[in-house]
Amino acid sequence: MSQYFTKSLAALEPYTPGEQPRDQQYIKLNTNESPFAASPRVVAAITGQEVEKLRLYSDPACRDLIAAIAARNRIRPEQVMVGNGSDEVLAFALRAFCDGDTPLAYSDITYGCYKVWCSLMGIPSKVIPLQEDYTVDIGQYKSLGATIMLTNPNAPTGLALTPGQVEEVLKANPDHVVIVDEAYVDFGAESCLPLIDKYPNLLVVQTFSKSRNLAGARLGFAMGDPELIADLNRIKFSFNPYNVNRLTSLAGIAAMEDEEYFASCTGKIRENRAWTAQKLREMDFTLTDSLTNFLFAQSSRIEGGALAKALRQKGILVRHFEGERVSNRLRITIGSRPEMEALIEALKQLGA
Ligand SMILES: *Cc1c(COP(=O)(O)O)cnc(C)c1O
């Protein structure tokens, strides 16, 4: 930290992303990316002519992209806002709906960025512990006096709430926004999107990074009541009006329109998840019933951190988190079938 860095952020501890090696010598099961290429329609959309048009700013209102997202989800464009990854959308939502007097409530075991954004923006955190089996106790989300973040399905646990459970939270907190982070919803959980017409305090956030194979394009979106969307745009136009670049916008439209490829990729991930989970269970691993593109797995023989290191030496990257109830586990992204076969083989060789 230089002598110039603001003292007000002296305690800030940034998020540590999973390793992104510069060469392809590793099987990457550590950052929940898709093992499959972006849709062929995305590849076709990024032409030389479009690259030349980078001399022009992107559409600050993102009209074409928002129209594509709205059409696919059968909602109105006024109910959609887009951002540079769902990370940006979520950060804008915190800026819009939290402050020093309005904390953010979220689980003790969940996506690490929420805590970092709170400390960056001076927002108090109201941390609510998951139960022993990593499930959410909905009873703890009543009249919290806080903006609420429900990660559904949750990461790294892989477990989901039903829309009925989310609805209970919405009803019990009518004076606060409930943000549902659905980064993994397309792999088998039920979306809360149908509730946005009924609950003006619901904001559903999704991403193109995982189920639409576009992590590197940086594109996420929020869906909710037009007034909440206008609030998010108020923040966006006070920070970075051209937050989605031209090429990403084209990629997003093409990916949203390629329903068949989306269904095929997410279907294969579910198949590979079932296959891998069964193999791991046969090897006495403990697993949660993940509805995501990753497994949250514990070896009965080798401690989590040691196993992650040993796998790395065998050319396989997985994610390991420190912390009392997670450090014995690994978060393993579901890759292609050959990748998952290589993982199982490596685990057998290691005696895990
Ligand atoms: C991956 C992830 C995000 C961020 O996704 P981007 O759209 O790539 O910024 C947000 N929330 C959760 C829970 C995630 O796992």
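Read the numbers this way: they start at 1 and go in the same order the structure lists the ligands and their atoms.
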> Can you name the closest pair of heavy atoms from Ile302 and Ser299 and give their distance?
Replying inline: N-OG, 3.0 Å
>> Just to verify, what does Leu130 make a side chain to side chain contact (heavy atoms under 4.5 Å, CB included) with, not counting sequence neighbours?
In response: Ser107, Asp108, Ile109, Tyr134, Val136, Asn154, Thr157, Arg325
>> Going by side chain to side chain contact (heavy atoms under 4.5 Å, CB included), name the residues that satisfy it together with Ala105, two or more places apart in sequence or in a different chain.
In response: Lys126, Ile128, Leu144, Ala146, Ile148
> Remaining members of Leu56's ILVMFWY cluster at a side-chain heavy-atom cut-off under 4.5 Å?
Replying inline: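 ILVMFWY cluster around Leu56 holds nothing else.
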>> Looking only at the aromatic ring of each residue, does the gap between the centers of Tyr184 and Phe294 stay below 6.0 angstrom?
In response: yes
> What residues sit with at least one heavy atom under 4.0 Å from ligand 1?
Replying inline: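 Its neighbours under 4.0 Å (heavy atoms only) are Gly85, Ser86, Asp87, Leu90, Tyr111, Thr151, Asp181, Ala183, Tyr184, Thr207, Ser209, Lys210, Arg218, given by chain and number.
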> At what distance, to the nearest 0.5 angstrom, does CD1 of Ile332 lie from CG of Leu343?
Replying inline: 5.0 Å
